[in-house]
Amino acid sequence: MSSLAPLYEPQSGVLTVQYAPDEQTVLTENPPRFTWIPAQLEHDRYVLQMSRSAAFAEEETETVEPIPYNLYTPDRPLKPGTYYWRYALLTDDEAGRTAWSRVRRFTVPEGLPETPLPSPGSRYAQASAAHPRLWLQASELPDFRRRIKEDPSYCGWETFYERSVQPWIGRELIAEPQPYPDHKRVAGLWRNMYLDCQEALYAIRHLAVAGVVLEDKALIGRAKQWLLHVAGWNPEGTTSRDYNDEASFRVAGALAWGYDWLYDALSETERELVRGSLLKRTGLVAYHVMERSKIHHVPLDSHAVRSLSSVMVPCSIALLGEEPKAQEWLDYTLEYYANLYTPWGGADGGWAEGPMYWTTGMAFVTEAFNLLKNYTGIDFYRRPFFTKTGDFPLYCFSPDTLRASFGDQSTLGDPVSLKTAFNIRQFAGVTGNGLYQWYFERVKEIDTDSETKFYNYGWWDFRFDEMMYRHDYPAIEPVPPTEASIEPVKWFRDVGWVAFHENMADPERHILLLTKSSKYGSVSHSHGDQNGFLLHAYGEPLAIESGHYVAFGSTMHRNWRRQTRSTNNILVDGLGQYAGTDKVLAMEASGIVEAAEQRDGYGYSRCNATAAYRHHVPYLKRYVRELYFFGKSFVVVVDLIDLERPGRVEWLFQTLYEMKLSGQAFQVQGRKADMDGRFVYCSSGELELTQHNEFTDVDPAEYEGLPVHWHLKAATKEARSHRLVTLLVPVKHGEPKYVSYFLDDQDQGVHLYFTENGVTRKVEVPKAY
């Protein structure tokens, strides 16, 4: 090859993939995952070299080509040691490639989980050409039929048949959804459209599976009627990806399951009709994912990432071997799962968008993983994220809590979703973790009436989920959490969330204190709530993120829920963190957890949200919040704010109830517990306390008939530097507690001493300047 100028490497941004691995990369699995910024946006193909030699000596170097995208996962683990890597852009000219990129070095330690991705030439070696392929394989059908005949309750079949199959036998075919008035999206109609499509999915999938398993011609015939009816809907009409993506995902999934399970019952003409619609619909989704959104370059498109699981996996499996594009789409999806998934978390198992979007994401990705594992033998559950991610709902969305988590939540105000529990049980089956099974059992006891709510009925069928899980995974014994098995301070470093717990297993005595300061800022379904906190104690939500879930993009969502003023946080001169629609600014409006640990007798965290305010408050030099979870029963909040010019700070607190205000104190009186709050120190003098129950700048029609919430504002005097110390004491009804305090004002700072039950704890606060 000819001598070439050095390869130009575009600069990484906050939204793009990064160059990895390098000297700073801490590897969590073997082999490492290689990523780089595309050298050009269209028609890019690459060659990559890995070597034990910095000079890339031929005998120590492996060359891989062609690589179709800017990511690569080797098909075998690497031996521990130091490596070097580089890449180049393949070209069609005589040179064959551009110059090499800069050389990056990385080290593979011993003992990492081994998670290679089979090469394209071997990854479908065990995949059968027979149908069905989705969930049960054709070779498994005879045994499943035999077991059902012997015991109709096997794997929950009887319940599935009665409640998820029979209702669709006589149900009138659902009409193709009509367009929005003037083609302008209306939230209510958007939801009705995707609910109709979800019902079509239920009808096709459940009738087809039941008909084939039971070899029932009448059921198969009814399933075909539904399938051919939906296959006749316009792929570029009201259920297309660009018109209503949620509707399109459901229709594509319905066609995939119908085509796969009814394959032998369809005539060639009928197959061509269904296959053509399925191919078109999958292609439109794939085009958005791979060419328009380019999640291999900018991975933070929530719906595009989810459509890998809900569309590209089942549809590509159904079409594999029959349509050339199917393998291209499936290869892309496997490469993404092996490398970039998930863009919302890391090895600790966190999910930056919050537990409800963890629920949605995991519901579809675990179904996709199960389909892939059954059909190809590829097991993505071995990746570190999936061995740990059950911890995220366990610690940050505990079974007995209400309103005690951050981010967008369609279930806001309701008990923890049963689907969240189904998800965590999946990870119990994968890992054998009895804590996860305990979570499932607890939520199943609590959430007994949510099946028909839109955020369940319009998304999944628990009876079908139950049947698949019980067939594929072993029963796990539940293990209740104990002081020995639960971390009192759980830090999800990957997403910047910290959870403090006491008595998790006992809902009447459980205390959860949750805080966050995340590198993801307010991007996607996250909010402008860096350094915020939430408190749930003794069965009562005491400190909440206020507001209601109306719809994404509603005035409640845009002007209240996403904004800092809806959280337990601070405003500076009435201004909060950036939470607008510019994704770059939203990602830059970030925070960081600087410390989180269990100390002698108390939990501690220190979070820095300075960057989150930079857009609106450029004169903010520093905002650090410390939390002390003392004596496992009360909380001290220390806020350190430094400005380049004098300004006022407003300390915000959100709760369900009107508070009692008295001097520097405020009290929440709940149904099961109360909370006594007091500002024990403010460097600029006494604060001015006020409260209101309005959702400012929200259309009142959006929350008509819904409960109001109460918002405390404690305003400082103007100063360049502020130090605030707040004492929060949750009190179980019938068990009053008393925390006394005094302060010692010294030259270098203020020492505060808090005493409960004869035990005194000390908090040091640096002087304001």
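In what follows, residues are counted from 1 in the order of the sequence shown.
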Query raised in the report: So which of Phe454, Trp459, Phe552 actually passes side-chain contact (heavy atoms from CB on, under 4.5 Å) with Ser410?
Result: Phe454
Query raised in the report: Can you find a heavy atom in the side chain of Tyr161 that is under 4.5 Å from one in the side chain of Glu158?
Result: no
Query raised in the report: Sequence neighbours excluded, which residues qualify as side chain to side chain donor-acceptor pair (under 3.5 Å) partners of Arg383?
Result: Glu29
**Report entry** Heavy-atom donor-acceptor pair, His557 side chain to Gly553 backbone, under 3.5 Å
**Finding:** yes
Query - Rounded distance (nearest 0.5 Å) linking atom CG of Leu255 with atom CG of Leu228 - result: 10.0 Å
Query raised in the report: Side chain of Arg205, backbone of Gly253: donor and acceptor closer than 3.5 Å?
Result: no
**Report entry** Results of salt bridge (Lys or Arg N to Asp or Glu O under 4.0 Å) for Glu328 - residues two or more places apart only
**Finding:** Lys325
Query raised in the report: Do the ring centers of Trp329 and Tyr332 come within less than 6.0 Å of each other?
Result: no
Requested in this report: With rounding to the nearest 0.5 Å, note down the distance linking CZ in Arg146 to CG in Leu141.
Outcome: 13.0 Å
Result block: side-chain N/O donor-acceptor pairs under 3.5 angstrom for residues 209-220, not counting sequence neighbours:
{"unit_1": "Asp216", "atom_1": "OD1", "unit_2": "Ala218", "atom_2": "N", "d": "2.9"}
{"unit_1": "Asp216", "atom_1": "OD1", "unit_2": "Leu219", "atom_2": "N", "d": "3.0"}

Query - Check: Thr420/Thr359 side-chain N/O donor and acceptor closer than 3.5 Å - result: yes
Requested in this report: Before giving the answer on side chain to side chain donor-acceptor pair (under 3.5 Å), spell out for His471 and Tyr154 the whole-Å C-alpha distance, their side-chain angles and the decisive distance to 0.1 Å.
Outcome: CA-CA 9 Å; His471 178 269; Tyr154 175 68; 4.6 Å; no
Query raised in the report: Do the side chains of Phe160 and Arg163 get nearer than 4.5 Å, heavy atoms only?
Result: no
Report task. Answer yes or no: are there more than 12 heavy-atom neighbours, outside Lys280 itself, under 6.0 Å from its atom NZ? Result -> no
Query raised in the report: Is a donor on one side and an acceptor on the other found under 3.5 Å between the side chain of Thr282 and the backbone of Ser316?
Result: no
Query raised in the report: When you measure from the side chain of Arg382 to the backbone N and O of Glu114, does any donor-acceptor pair fall under 3.5 Å?
Result: yes
Query raised in the report: Stepwise, does the side chain to side chain contact (heavy atoms under 4.5 Å, CB included) test hold for Tyr194 with Phe249?
Result: CA-CA 9 Å; Tyr194 81 64; Phe249 298 165; over 6 Å; no
Query raised in the report: How about Ser398 and Thr401: does a side-chain donor come under 3.5 Å of a side-chain acceptor?
Result: no
Report task. For Asp447, enumerate each residue passing the side chain to side chain donor-acceptor pair (under 3.5 Å) test, keeping only those at least two apart in sequence or located in another chain. Result -> Ser450
Requested in this report: Using the side chain to side chain donor-acceptor pair (under 3.5 Å) rule, take Tyr202 and Gln198 through it: C-alpha gap first, then chi angles, then the decisive distance, then the call.
Outcome: CA-CA 6 Å; Tyr202 292 153; Gln198 184 72 14; 3.1 Å; yes
Requested in this report: Could you tell me which residues satisfy side-chain contact (heavy atoms from CB on, under 4.5 Å) with Val430, sequence neighbours excluded, listed by chain and number?
Outcome: Tyr381, Gln426, Tyr473
Report task. Say whether, by atom type as modelled, one donor and one acceptor occur between the side chain of Asp494 and the main chain of Gly349 under 3.5 angstrom. Result -> yes
**Report entry** Thr389 and Trp358: side chain donor to acceptor below 3.5 Å
**Finding:** yes
Query raised in the report: Less than 4.5 Å apart, any side-chain heavy atom of Leu320 and any of Gln327?
Result: yes
Query raised in the report: Hey, are Arg147 and Asp151 close enough for a salt bridge, meaning a charged N less than 4.0 Å from a carboxylate O?
Result: no
Query raised in the report: Which residues pass the salt bridge (Lys or Arg N to Asp or Glu O under 4.0 Å) test with Glu323, sequence neighbours left out?
Result: Arg275
Query raised in the report: Only one of Asp465, Asp461, Asp414 forms a salt bridge (charged side-chain N to carboxylate O under 4.0 Å, His left out) with Lys419, so which one is it?
Result: Asp465
Report task. State whether the side chain of Trp261 and the backbone N or O of Leu134 hold a donor-acceptor pair below 3.5 Å, judged by distance alone. Result -> yes
Report task. Can you sort out the partners of Tyr124 under side chain to side chain donor-acceptor pair (under 3.5 Å), two or more places apart, ordered by chain and number? Result -> Asp331
Report task. Identify which one of Tyr375, Phe386, Phe427 satisfies the ring pair (Phe, Tyr, Trp, His ring centres under 6.0 Å) criterion when paired with Phe369. Result -> Phe386
Requested in this report: For the residue pair Glu353 and Ser302, confirm or rule out a side-chain donor-acceptor distance under 3.5 Å.
Outcome: yes
Report summary line: Rounding to 0.5 Å, atoms CG (Asn433) and CD1 (Ile424) come to a distance of 8.0 Å
Query raised in the report: Quick check: are there more than 12 heavy atoms from other residues, nucleotides or ligands sitting under 6.0 Å from CD of Glu477?
Result: no
**Report entry** Donor-acceptor contact below 3.5 Å, side chain Thr376 vs main chain Lys373
**Finding:** no
**Report entry** Cationic N near anionic O, under 4.0 Å, Arg271 to Glu322
**Finding:** no
Query raised in the report: Within a radius of less than 6.0 Å around CD of Gln225, do more than 12 heavy atoms belonging to other residues, nucleotides or ligands occur?
Result: yes
**Report entry** Exam field: side chain Tyr469 to backbone Arg425, donor-acceptor pair closer than 3.5 Å
**Finding:** yes
Report task. Can you sort out the partners of Glu270 under side chain to side chain donor-acceptor pair (under 3.5 Å), two or more places apart, ordered by chain and number? Result -> Lys224, Ser267
Query raised in the report: In Å, rounded to the nearest 0.5 Å, how long is the span from CD1 of Ile295 to NE2 of His303?
Result: 13.0 Å
Query - Spacing of OH belonging to Tyr549 relative to OH belonging to Tyr455, to within rounding of 0.5 Å - result: 12.0 Å
Query raised in the report: Sequence neighbours excluded, which residues qualify as salt bridge (Lys or Arg N to Asp or Glu O under 4.0 Å) partners of Arg250?
Result: Glu246
Query raised in the report: Would you call Glu441-Lys444 a salt bridge at under 4.0 Å N-O?
Result: no
**Report entry** Shortest non-hydrogen separation from Gln126 to Asn374 and the atoms involved
**Finding:** NE2-O, 3.9 Å
Query - Flag for Asp391-Tyr436: side-chain donor and acceptor within less than 3.5 Å - result: yes
Query raised in the report: Between Thr238 (side chain) and Pro177 (backbone), is there a donor-acceptor pair under 3.5 Å?
Result: yes
Query raised in the report: Would you say the side-chain atoms of Tyr337 and Ser309 include a donor-acceptor pair closer than 3.5 Å?
Result: yes
Report task. Just jot down the side-chain contact (heavy atoms from CB on, under 4.5 Å) partners of Thr342, sequence neighbours excluded, or say none. Result -> Trp344, Trp351, Phe385
Check: residues 67-75 side-chain donor-acceptor pairs under 3.5 Å, at least two apart:
{"unit_1": "Asn70", "atom_1": "ND2", "unit_2": "Trp36", "atom_2": "O", "d": "2.6"}
{"unit_1": "Asn70", "atom_1": "ND2", "unit_2": "His296", "atom_2": "O", "d": "2.9"}

Query raised in the report: To the nearest 0.5 Å, what is the distance between CD1 (Ile148) and CG (Asp143)?
Result: 10.0 Å
Query raised in the report: Do Asn244 and Trp190 have side-chain N/O donor and acceptor atoms under 3.5 Å apart?
Result: yes
**Report entry** With Arg241 via salt bridge (Lys or Arg N to Asp or Glu O under 4.0 Å) - residues at least two apart
**Finding:** none
Report task. Could you tell me whether a side-chain N or O of Gln166 sits under 3.5 Å from a main-chain N or O of Ser164, the two making a donor and an acceptor? Result -> no
Requested in this report: Indicate yes or no: at least one non-hydrogen side-chain atom of Asp260 is less than 4.5 angstrom from one of Ile317.
Outcome: no
